[in-house]
Amino acid sequence: MRKHLCIPYSVFLVLFVVAPIFIMLFYAFTDAENHLTLDNFALIFTDITVLSAALASVSVALVATLICLLIAYPVAYILARSGIKRQNALLILFITPMWINFVMRINALKEFFGLINLLDKSPYINTIIGMVYDFLPFMILPLYTTLLKMDKNLIEASYDLGAGKFTTFVQVILPMSMPGIVSGITMVFMPAMTNYVVSDILGRSQITILGKLIENYFMQTNWNAGAAISMLLLAIMFVSTWLTGGFKDDGAQAARGGLW
Amino acid sequence: MRLFVRFTALFALAALVAGLAACGGGGGGSQKSANVLRICNWEDYIYVDDDGNSLADEFEDWYNETHDNKITVEYTTFGTNEILFNNMLLNNTKDGNGNYTGFEYDLVCPSDYMIQKMEEKGMLEKFDLDKLDNYTTYGSPYMKELFEAHGWQDIAIPYTLGTVGIVYNENVTPEEASSWEVMLSDKFWNRTTIKDSVRDTYFFGVALAKLDELRELYKNFTSEEDADGHISKEFYAGKLAEIFNAVDTEDVPLSLVSEKLRLAKNNSFALEVDSGKEDVVNGYVDLYLAWSGDAIFAMNEILSDGKELKYSVPLEGSNIWYDGWVMPKGANTELAQEFINYICAPENAIKNMDYTRYTSAIVGDEVFEYVTDVELGEDADADEIAEAAASIGLDEDTDLTTLNAALKKARGIAEEGEDGAIELDLGYYFGDGDYTLWVYPDGAFIAQYPSEEIASRCTIMETFSDSDNTKVNNMWNRVKAGDIGLYATVTAVSVGLIAVVAVVFVLIKAGVFRPRPAKGYTKVDD
């Protein structure tokens with residue numbers, strides 16, 4: 001009987017997750033006259049526009065993820081190590097921005113950039129700053145949960161056994177926080193590849209990332225090419241999730257503090 | 001038994017999905033009915049009063065009061081011509097021969113080139129002009145002629161028109177702004193915005209690619225009639241239409257347009273379709289490639305800061321666009337025509353203009369008075385004066401005479417014979433009668449009602465064939481995708497950095513850099 005409680009979700013899943021993917025697959029493998037074709041995928045691998053957009057996406061996402069990691073790790077570490085009261089206050093400080101719609105936040109950031117004369121500088125750097133700003137909480141949170149759950153005794157044992165601060169960090173803390181790092185990277189890297197609201201507003205539409213290219217194709221009613229690129233992104237997502245071990249036992253992943 | 005339950009559940013689900021899909025596929029919109037008028041218009045493109053009632057609602061009330069049968073108007077909006085067209089391609093009915101017989105709208109309002117495309121695809125009904133008294137009486141003769149020249153007199157009823165030009169501030173001289181070339185000028189590097197809208201962008205790209213030839217044509221057109229090389233208005237118009245609508249011909253190669261657009265993009269601050277208004281008002285840019293409606297909006301907006309913007313239609317020629325009402329095949333023509341006649345009444349056209357700021361295709365004394373009479377009357381109360389004064393950046397206690405002079409100036413209307421002003425004869429647009437006034441040549445009024453000379457150097461966008469469309473789209477996508485070298489370098493450097501860190505990390509783990517033991521400990525071999 002309890003199984004029937006799953007029916008609402010199954011319906012939701014079929015209607016809004018599975019069906020749209022099949023519709024996209026249909027468009028990706030057909031042309032404007034609904035004939036089967038592989039042209040859309042041929043376009044992906046031959047058109048320099050797609051390569052350019054893909055490289056723009058990857059470079060923006062890579063740099064943004066790296067910066068996020070460099071900023072988030074010490075913060076998460078301090079957060080996890082600080083007293084309970086301060087912990088909550090600090091945590092709320094990092095989470096609050098996520099309660100505000102991100103389009104509004106990015107527009108506010110645009111105004112601020114205007115005030116400090118940064119807006120008319122490099123659209124590329126502005127886009128990266130915007131991505132970092134937008135996705136930093138997604139990096140802090142998994143790192144924080146992982147570091148919080150880490151057994152402090154292991155760190156003490158490391159000191160007892162003669163390891164210095166550096167060795168303890170590299171040999172004990174860093175490996176133990178790896179699940180959080182991986183989880184944080186996935187949470188930042190994938191959306192940063194496609195979030196073209198940031199590149200449109202802060203980058204003044206001067207940067208075309210993959211998400212924007214898909215929009216371009218859809219606005220030009222070339223749904224087929226747009227769908228094919230979406231499929232490509234889905235494939236990248238699958239591969240990267242697989243590489244980072246995202247398909248492994250969910251229970252263990254959750255216990256290690258991953259958000260996925 | 002359990003298997004049976006599972007199968008039943010699965011089938012029920014499949015049936016549900018199929019049912020929903022059928023609903024979605026079966027038109028989505030309402031069914032056609034004699035008492036329903038289904039209109040699809042651009043967003044924000046019709047008068048709406050303070051209570052949120054649009055002109056379409058007013059029509060419904062008016063119709064129900066004056067007729068026995070009761071009707072309802074279903075009013076929806078669309079975002080771009082392409083979206084409207086695609087929607088119509090997806091939701092329609094056809095007869096056995098593949099001819100269109102019905103769509104989910106009775107009345108839609110696409111732009112020039114899209115009207116042409118719909119007509120070519122056999123998607124449109126014809127109007128009965130005898131039922132459109134208001135249009136035949138008050139429609140602008142210029143617009144009527146334009147539509148007749150396309151053979152559309154009974155296919156489309158013009159609604160609004162506008163030009164594409166450059167909005168500029170005090171950092172730019174009128175001479176600079178009189179050529180598209182200014183958008184490539186080093187002087188304005190990172191101080192321009194260009195359109196991110198394929199058709200408009202392509203037009204702009206062609207203008208840049210053919211600057212010299214277009215200049216020459218304009219010179220020959222404006223030269224004395226007996227001068228060497230003088231060309232007639234018709235010849236000039238034909239040449240402009242030919243050049244601006246050419247795709248990848250020997251004369252206008254796509255590579256050249258692409259190269260010019262690349263330069264223009266690299267020189268620009270932003271590619272935009274709606275943020276440009278704010279960018280120019282906020283002073284982020286000096287030059288804003290604009291549709292005339294947006295131009296007037298920005299020019300009005302900046303007045304409250306006590307500043308001023310100007311508008312120019314470059315001499316090389318530009319695009320004049322118009323939106324018109326068409327009835328898709330199978331439409332409820334009776335009601336659709338009633339509606340068109342209703343909105344073509346001058347008082348309703350004025351309401352629309354007041355709300356949307358676009359130039360109406362409806363003319364007449366009433367309309368002319370509305371657009372030229374911007375002064376406050378003697379009976380204006382303090383609040384009205386304060387509001388009007390604030391809107392143009394004046395103190396609220398400004399006296400009425402000063403305020404009225406400033407209001408006129410802000411509207412782009414000059415005193416007779418004023419220095420720097422020109423006499424504008426709108427007879428070509430308004431028809432017979434005295435429709436002349438003095439205006440500033442770069443002000444808001446002439447942006448709204450172009451002079452005959454400006455109109456004659458503007459040409460209309462024609463629909464591209466599907467293959468040309470794809471070519472142009474891909475070219476623009478390519479230009480927008482930009483500098484592949486930078487992205488590749490950044491990617492390579494980041495990947496290299498990550499690799500180095502990873503290698504160092506592995507080495508540390510392997511004990512290569514293992515530090516000396518802390519004080520008091522000794523290293524013991526394994």
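Below, read A as the first sequence line, B as the second, and so on, with proteins coming before strands; counting in each chain starts at 1. Note that the structure is a prediction, hence the values are computed from the model and not measured.
Proximity to chain A (any heavy atom under 4.5 Å) is shown, for B:Thr470, by neither the backbone nor the side chain. Within the 4.5 angstrom heavy-atom criterion, no atom of B:Phe85 approaches chain A. In this structure, chain A has heavy atoms under 4.5 Å from both the backbone and the side chain of B:Glu82. The contact between B:Asn86 and chain A is made entirely by side chain atoms (from C-beta outward), counting heavy-atom distances below 4.5 Å.
Under the 30°/60° scheme for interplanar angles, the aromatic rings of A:Tyr77 and A:Tyr73 are found to lie parallel.
Each of A:Leu213, A:Leu174, A:Ile201 has some count of heavy-atom pairs under 4.5 Å with chain B, and the biggest count is that of A:Leu174. Ranked by heavy-atom pairs under 4.5 Å with chain B, the list A:Asn222, A:Val58, A:Ile209, A:Ile207 is led by A:Ile207.
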Step by step, work out the side-chain hydrogen bond (donor to acceptor under 3.5 Å, both in side chains) result for B:Trp189 and B:Asn266.
CA-CA 8 Å; B:Trp189 177 79; B:Asn266 289 346; over 6 Å; no

For a side-chain hydrogen bond (donor to acceptor under 3.5 Å, both in side chains) check, start with the C-alpha distance between B:Trp476 and B:Asp196, then their side-chain angles and the critical distance, and finish with the verdict.
CA-CA 9 Å; B:Trp476 180 229; B:Asp196 182 8; 3.2 Å; yes

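By a heavy-atom distance cut of under 4.5 Å, A:Ile48, A:Thr49, A:Leu51 are the residues of residues 41-51 of chain A near chain B, going up by number.
Two rings, from B:Tyr487 and A:Tyr124, have their centers less than 6.0 Å apart. Between A:Phe189 and A:Phe135, the ring centre distance reaches or exceeds 6.0 Å.
Atom CG of B:Leu486 and atom OG of A:Ser122 lie 7.5 Å apart (nearest 0.5 Å). Here CZ of B:Phe269 is found 4.5 Å from CZ of A:Arg204. Values are rounded to the nearest 0.5 Å.
B:Lys471 meets the salt bridge (Lys or Arg N to Asp or Glu O under 4.0 Å) test with B:Asp248; sequence neighbours excluded.
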